[in-house]
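We count ligands from 1, going down the list as the structure has it; atoms in each ligand are counted the same way. Computed over heavy atoms, backbone and side chain alike; hydrogens, waters and symmetry mates excluded.
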Amino acid sequence: MSEPVVDLRSDTVTRPTPEMRRAMAEAEVGDDVFLEDPTVNRLQERAAEIFGREAGLFVPSGTMGNLASILAQTRPGQEVVCEAAGHVYNYEMASMSAIAGVLPRVIETEDGILDWERIESAIRPPVYYRAQTAMVAVENTHNMAGGTVYPVEVADDICDRAHARGLRVHLDGARIFNAAAALGRDVAEITRGFDSVQFCLSKGLGAPVGSLIVGSRDLVDRCRPIRKMLGGGMRQAGVVAAAGLVALETGPGRLAEDHANARFLAERLAALPGVGLDPESVQTNIVIYDVSPGGLDAETFLEEARRRGVLGVPVDRRRVRMVTHRDAPRAAVERAASAVEEVVREAVR
Ligand SMILES: *Cc1c(COP(=O)(O)O)cnc(C)c1O
């Protein structure tokens with residue numbers, strides 16, 4: 001009997017739990033475009049409460065949450081400062097330009113973490129013949145930098161100083177609960193300065209679908225018609241919101257386990273001469289490592305790993321990403337570590 005595949009491509013691969021499926025089957029529903037779906041309303045209220053905000057808005061994806069937040073707080077021809085490896089710049093179909101009509105002004109960093117000094121140097125001077133900076137977009141945890149976490153003081157400082165310059169600050173908090181778990185702080189506390197926050201239910205929290213935007217009542221009232229314009233007005237969405245509520249209540253408490261598994265994987269891999277990785281750099285559930293010291297490129301490495309039942313994704317030609325999650329418990333992560341060891345040993349032999 002062959003063992004099941006260990007899928008570490010992303011924490012999005014988690015399937016709904018029996019508890020979620022039960023909640024979905026039993027969900028009370030209505031037409032959410034008429035604001036009449038009680039389960040969606042409850043999810044939005046609960047998210048706002050957890051984040052200490054006035055309101056929340058359920059959206060089909062994180063990509064739509066980021067775009068609606070940008071559309072609500074910028075005008076065409078303005079600029080949005082963001083990090084060069086960020087999701088909003090690289091993995092959202094250039095929507096901020098194609099749809100919102102704004103120009104991303106990117107800043108390169110080593111670890112995905114922006115600070116005010118670097119942001120300030122990217123702000124356009126206030127002259128009428130230059131495009132004006134409208135917003136700063138921050139990503140916490142930073143996906144492609146390997147799940148790195150913003151220190152709370154750095155995030156607060158960015159928000160305070162951006163506001164003093166009249167800029168809006170958006171948080172792409174797809175994995176903000178991972179950041180909170182790593183810091184041992186509440187999401188409300190670590191996101192308090194941001195004007196808009198987008199977070200995903202469908203990543204480590206384990207829901208099948210959905211994200212939320214949280215912020216002031218005014219922000220959410222602006223985002224709701226934008227969501228409709230983008231085709232994200234859903235009808236009996238309570239069926240999926242029900243799973244989202246379970247994810248929101250039960251998901252955050254078990255993320256520390258994913259982080260411990262990521263650290264375990266990182267320590268096993270860092271011990272291999274064919275792998276470039278500092279296990280100390282793994283702060284949450286994302287492990288990015290270089291397979292070129294063993295003479296492999298990312299595609300060849302991943303093909304060999306796949307033959308051994310383990311999946312990851314390439315970051316670039318040399319580096320590979322693996323993400324731990326609820327559906328890959330410690331035993332599965334141990335198998336993944338052993339498979340990687342085998343691939344790398346055979347390559348260097
Ligand atoms: C996954 C993700 C998103 C949103 O992705 P969707 O697939 O559109 O839900 C946004 N930002 C980051 C950092 C992500 O990892």
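Hydrophobic cluster membership for Val323: Tyr91, Met144, Ile286, Ile288, Val315 (Ile, Leu, Val, Met, Phe, Trp, Tyr linked by side-chain heavy atoms under 4.5 Å, directly or transitively).
Scanning the protein for heavy atoms near atom 11 (N) of ligand 1, the closest one is Asp172 OD2, 2.6 Å. Of the protein's non-hydrogen atoms, the one nearest atom 7 (O) of ligand 1 is Thr63 OG1, 4.5 Å. Residue, atom and distance of the protein heavy atom nearest to atom 2 (C) of ligand 1 are Lys203 NZ, 2.2 Å. Atom 6 (P) of ligand 1 has its closest protein heavy atom at Gly62 N, 3.6 Å.
When non-hydrogen atoms are compared, ligand 1 lies under 4.0 Å from the side chain of Arg175 (C-beta onward) but not from its backbone. The backbone and the side chain of Ser61 each have at least one atom closer than 4.0 Å to an atom of ligand 1 (non-hydrogen atoms only).
Interface of Glu92 with ligand 1, defined as ligand atoms under 4.0 Å from a residue heavy atom, comprises 10 (C).
When only interatomic distances are considered, the shortest N/O to N/O separation between Asn143 and ligand 1 falls below 3.5 Å. No N or O atom of Glu139 sits closer than 3.5 Å to an N or O atom of ligand 1.
Between the side chain of Ser10 and the main chain of Val13, no donor-acceptor pair closer than 3.5 Å is present.
The 12-atom threshold is not exceeded at CZ of Arg21, counting heavy atoms of other residues, nucleotides or ligands nearer than 6.0 Å.
At a cut-off of 3.5 Å, with distance as the only test, no side-chain donor of Gln73 or His170 sits close to an acceptor on the other residue. Of the N and O atoms on the side chains of Glu92 and His87, at least one donor lies less than 3.5 Å from an acceptor on the other residue. Residues Ser216 and Asp218 bring no donor and acceptor atom of their side chains to less than 3.5 Å of each other.
In this structure, Met64 is not a member of the same hydrophobic cluster as Val102, with clusters built from ILVMFWY side-chain heavy atoms closer than 4.5 Å.
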